[in-house]
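Comments concern the structure below.
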Amino acid sequence: MNRFDGKVIVVTGGCRGIGKAIVEAFLNEGATVYAWDYKVPTPDEVFIEDEKLRQNVRVIQVDVTSSESVELSAQKTIEESGKVDILVNNAGITRDNLIIRMSEADWDAVLNTNLKGAFLCTKALVRSMMNQRWGRIINISSIVGEIGNAGQANYSASKAGLIGFTKSLAKELASRNILVNAIAPGYIRTAMTEKLSDEQREMFLKNIPLKREGEPSDIAKVVLFLASEDASYITGQVLNVDGGLVM
Ligand code: NDP
């Protein structure tokens, strides 16, 4: 008996980085997982190594900034699976710059992907959870949504927005037994953080009490906890997973 046998999960941005680790963790515990992503693996790319696990994953191409694309993906997912139990709003981008140099396009791209994307995906899938009176929504925010970061006004605004979104939905959906929480990762080793300079990396490491960068699996484990029955009395919370960087 696995913790997520019979459960259907959607993970946005599920084909790489933290999203892929979340997809793999759910597959390992018996779920059927829909990885929604902008760039999907080509037919000759192996997305999930294990052949048995691969049978329980579907990849759907989506642009989370487009309501049309999100609704189409939701329709495909629900037509095939009959329901969605758990949504992980993980897709996210950065377009860093100081405010005086930040273009309107960079502001819009980050807010549309990170914040509006979560709104559109939630709106498209929450009805399925409401009908069955059981659901979990987990939003991947960031510690910079709590403490800010120079050069990331757009990104930190979008991640702070996700925290407000999480708390409002937690209040709105509690009566339907839909729990809504956020995770605020610190510094996690993915393509997103590869862009940082050695100097920036050193600075982060110096300030992390656990003295190591996080791995995508560190986030995936906490997502699974919040999605599990062990977390059935937790809603509207933001859990920092950052090696102690923010406390
Ligand atoms: P990656 O850049 O590795 O992955 C982000 C994923 O989101 C990619 O698969 C990307 O797709 C997808 N995505 C971006 N735009 C869209 C879109 N319009 N529609 C659908 N999918 C899209 O980043 P991480 O794995 O590091 O980040 C995952 C989440 O964790 C993000 O929300 C990020 O903000 C958050 N986070 C990460 C931290 C870190 O240290 N890494 C720290 C704090 C928070 P594609 O590859 O096709 O572009």
Side-chain angles (χ1 to χ4, degrees), residues 11-22 37-39 63-66 88-122 137-169 180-216 218-220 222-223 237-247:
V11 182
T12 68
C15 287
R16 63 188 176 98
I18 293 171
K20 186 175 178 191
I22 296 168
D37 213 327
Y38 191 66
K39 274 191 233 117
D63 176 0
V64 298
T65 68
S66 150
V88 184
N89 284 310
N90 165 78
I93 60 168
T94 52
R95 295 281 186 278
D96 297 351
N97 226 327
L98 298 174
I99 191 72
I100 47 165
R101 291 200 208 112
M102 187 174 287
S103 66
E104 188 178 343
D106 283 348
W107 174 271
D108 287 345
V110 169
L111 269 291
N112 284 342
T113 306
N114 302 5
L115 188 54
K116 184 181 167 192
F119 159 68
L120 292 176
C121 294
T122 303
I137 298 168
I138 296 155
N139 298 317
I140 307 299
S141 177
S142 165
I143 55 164
V144 308
E146 299 172 311
I147 61 169
N149 196 20
Q152 288 197 309
N154 50 359
Y155 183 77
S156 47
S158 73
K159 295 299 186 179
L162 267 183
I163 292 174
F165 180 66
T166 300
K167 293 182 180 180
S168 296
L169 284 187
V180 190
N181 290 290
I183 293 176
Y187 179 100
I188 311 296
R189 201 150 58 91
T190 67
M192 190 175 269
T193 44
E194 253 169 36
K195 293 180 208 155
L196 297 178
S197 66
D198 287 346
E199 203 184 14
Q200 287 171 308
R201 182 169 290 126
E202 282 302 305
M203 204 194 64
F204 266 118
L205 283 177
K206 210 175 79 196
N207 291 310
I208 297 172
L210 290 181
K211 291 293 168 223
R212 70 167 176 91
E213 51 197 10
E215 298 295 334
D218 290 314
I219 305 302
V222 182
V223 170
Q237 302 306 304
V238 184
L239 204 43
N240 289 11
V241 183
D242 63 355
L245 184 56
V246 173
M247 60 173 90

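Hydrogens, waters and symmetry mates are skipped; everything else that's a heavy atom, side chains included, is used.
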Intermediate values then yes/no, side-chain contact (heavy atoms from CB on, under 4.5 Å), E215 and I188: CA-CA 5 Å; E215 298 295 334; I188 311 296; 5.6 Å; no
Within the side chain of [X], is there an N or O that forms a donor-acceptor pair under 3.5 Å with the backbone of [Y]?
| X | Y | value |
| --- | --- | --- |
| N112 | D108 | yes |
| N240 | M247 | no |
| K211 | K206 | yes |
| D37 | C15 | yes |
| D63 | T65 | yes |

For the [atom1] atom of [X] and the [atom2] atom of [Y], what is their distance to the nearest 0.5 Å?
| X | Y | atom1 | atom2 | value |
| --- | --- | --- | --- | --- |
| R189 | E213 | CZ | CD | 5.0 Å |
| T193 | Q200 | OG1 | CD | 11.0 Å |
| K116 | L111 | NZ | CG | 10.5 Å |
| L162 | L169 | CG | CG | 10.0 Å |
| I140 | T166 | CD1 | OG1 | 9.5 Å |
| R212 | L205 | CZ | CG | 11.0 Å |

N139/S141 under side-chain hydrogen bond (donor to acceptor under 3.5 Å, both in side chains): CA gap, chis, key distance, verdict: CA-CA 6 Å; N139 298 317; S141 177; over 6 Å; no
Please name the pair of heavy atoms, one in [X] and one in [Y], separated by the smallest distance, quoted to 0.1 Å.
| X | Y | answer |
| --- | --- | --- |
| E194 | R201 | CA-NH2, 4.0 Å |
| I93 | Y155 | O-CD1, 3.3 Å |
| A184 | V238 | CB-CG1, 4.0 Å |
| P209 | L245 | CD-N, 3.7 Å |
| S142 | K159 | CB-CG, 3.7 Å |
| P216 | G17 | CB-O, 3.9 Å |

Sole candidate of I137, T12, V88 that passes side-chain contact (heavy atoms from CB on, under 4.5 Å) when paired with C121: T12
Whether F204 and Y187 hold their rings parallel, tilted or perpendicular, with breakpoints at 30° and 60°: tilted
Polar contact flag, side-chain donor to acceptor under 3.5 angstrom, Q152-D96: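 Note: Q152 and D96 side chains meet the donor-acceptor criterion.
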S158-N114 side chain donor-acceptor pair, cut-off 3.5 Å: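 Yes, N114 and S158 have a side-chain donor paired with an acceptor closer than 3.5 Å.
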Side-chain heavy atoms of I163 within contact of E146, under 4.5 Å: yes
Residues N89, T122; criterion side-chain hydrogen bond (donor to acceptor under 3.5 Å, both in side chains); working and verdict: CA-CA 8 Å; N89 284 310; T122 303; 3.1 Å; yes
Check against side-chain contact (heavy atoms from CB on, under 4.5 Å), I219 and I183: CA-CA 8 Å; I219 305 302; I183 293 176; 4.3 Å; yes
Audit row: I22, I18, side-chain contact (heavy atoms from CB on, under 4.5 Å) steps and yes/no: CA-CA 6 Å; I22 296 168; I18 293 171; 3.8 Å; yes
Crowding at NZ, K195 (>12 non-hydrogen neighbours, <6.0 Å): yes
Salt bridge present between R101 and D106 (N-O < 4.0 angstrom):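 No, R101 and D106 are not salt-bridged.
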